[in-house]
Amino acid sequence: MKNKSGSKEGQGGASPTRLIDARIKELGDWRGEMLARIRGLIKEACPDVVEEWKWRGVPVWEHAGIICTGETYKAVVKLTFANGASLADPSGLFNSSLEGNVRRAIDIHEEDKINERALKNLVRAAVEYNRTKKNKKAPAGARAKVRQNKKT
């Protein structure tokens, strides 16, 4: 079942947004504060982002595909971009999972400062990558229609 935000309802009928709210509150320390801050930056960069709750409790942000996930560990908040290896990262935010062919991650420690502008640019780049990728998979007639709609 989908709610107003387009997200499927999670465990016990709770929306993914409420489940993420609960995770932030449950953490009750710098990790919850950091996850909330990152979430706010993602929403600023992509106001129509869809929040999901997947893989037994991982916050996921999507727009035309997965943008990134927000996992919390004892010493780090990990922001994993699903197609990070395909994204330009001129500010050098990616500092984890650098050896993979698809994903890239940002490990954020308690004392770390976030380059908010760079993070929002990375989120926008991920959204654009997802849109482009989705458009390439569409049937030829649908791509022509999308191009035509963009012109008007």
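Atoms considered below: every heavy atom in the structure, side chains included; atoms not considered: hydrogens, waters and symmetry mates. All values reported here derive from a predicted model rather than from experimental measurement.
In this structure the side chain of Ser97 never reaches within 4.5 angstrom of the side chain of Arg104, judged on heavy atoms. Side-chain contact between Glu51 and Glu62 is absent, with no heavy-atom pair separated by less than 4.5 Å. Counting heavy atoms from C-beta on, the side chains of Arg39 and Leu35 never come closer than 4.5 Å. Residues Val123 and Leu41 have side chains not in contact (no heavy-atom distance under 4.5 Å, counting atoms from C-beta outward). Using a 4.5 Å cut-off on side-chain heavy atoms (C-beta onward), Leu119 and Ile106 make contact. Annotation: side chain of Thr69 is not in contact with side chain of Trp61 (no heavy-atom distance under 4.5 Å).
Atom CD1 of Ile24 sits about 11.5 Å away from atom CG of Leu19, to the nearest 0.5 Å. One finds the CD1 atom of Ile38 at 13.5 Å from the NZ atom of Lys43 (value rounded to the nearest 0.5 Å). Here NZ of Lys133 is found 7.5 Å from OG of Ser86. Values are rounded to the nearest 0.5 Å. Ile108 contributes atom CD1, which lies 4.5 Å from atom CD1 of Ile114 (distance to the nearest 0.5 angstrom). Between the CZ atom in Arg117 and the CG atom in Leu122 there is a gap of 14.0 Å [rounded to 0.5 Å]. Considering CH2 of Trp53 and CD1 of Ile20, their distance stands at 6.5 Å, rounded to 0.5 Å.
Salt bridge annotation for Glu110-Arg31: absent, with no cationic side-chain nitrogen under 4.0 angstrom from a carboxylate oxygen. Looking at Glu44 and Arg124, no side-chain N of the basic residue comes within less than 4.0 Å of a carboxylate O on the acidic one, giving no salt bridge.
Taking a 4.5 Å side-chain heavy-atom cut-off between Ile, Leu, Val, Met, Phe, Trp and Tyr, the cluster of Tyr73 extends to Val76. The hydrophobic cluster around Val60 extends to Trp55, Val58, Ile66, counting ILVMFWY residues whose side-chain heavy atoms fall within less than 4.5 Å of a member.
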Evaluate Asp48 against His63 for side-chain hydrogen bond (donor to acceptor under 3.5 Å, both in side chains), listing each step before the verdict.
CA-CA 8 Å; Asp48 54 346; His63 190 282; 3.2 Å; yes

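Contact record, Ser96 with Asp107: OG-OD2, 3.3 Å, taken as the closest heavy-atom pair. Between Gly57 and Arg23 the shortest heavy-atom distance is O-NH1, 2.9 Å. Closest approach of Asp89 to Phe94, counting heavy atoms only: OD2-N, 2.8 Å. Asp112 and Met34 make their closest contact through O-CE, 4.1 Å (heavy atoms, listed as atom of the first residue, atom of the second, distance). Scanning all heavy atoms of the two residues, the minimum distance from Ala125 to Leu87 falls at O-CD2, 3.6 Å. Residues Leu79 and Cys68 approach most closely at CD1-SG, 3.8 Å, considering heavy atoms.
With sequence neighbours excluded, no residue satisfies salt bridge (charged side-chain N to carboxylate O under 4.0 Å, His left out) with Glu71.
Hydrophobic clustering places Leu93 together with Leu98 (ILVMFWY residues linked when any side-chain heavy atoms are closer than 4.5 Å, directly or through intermediates).
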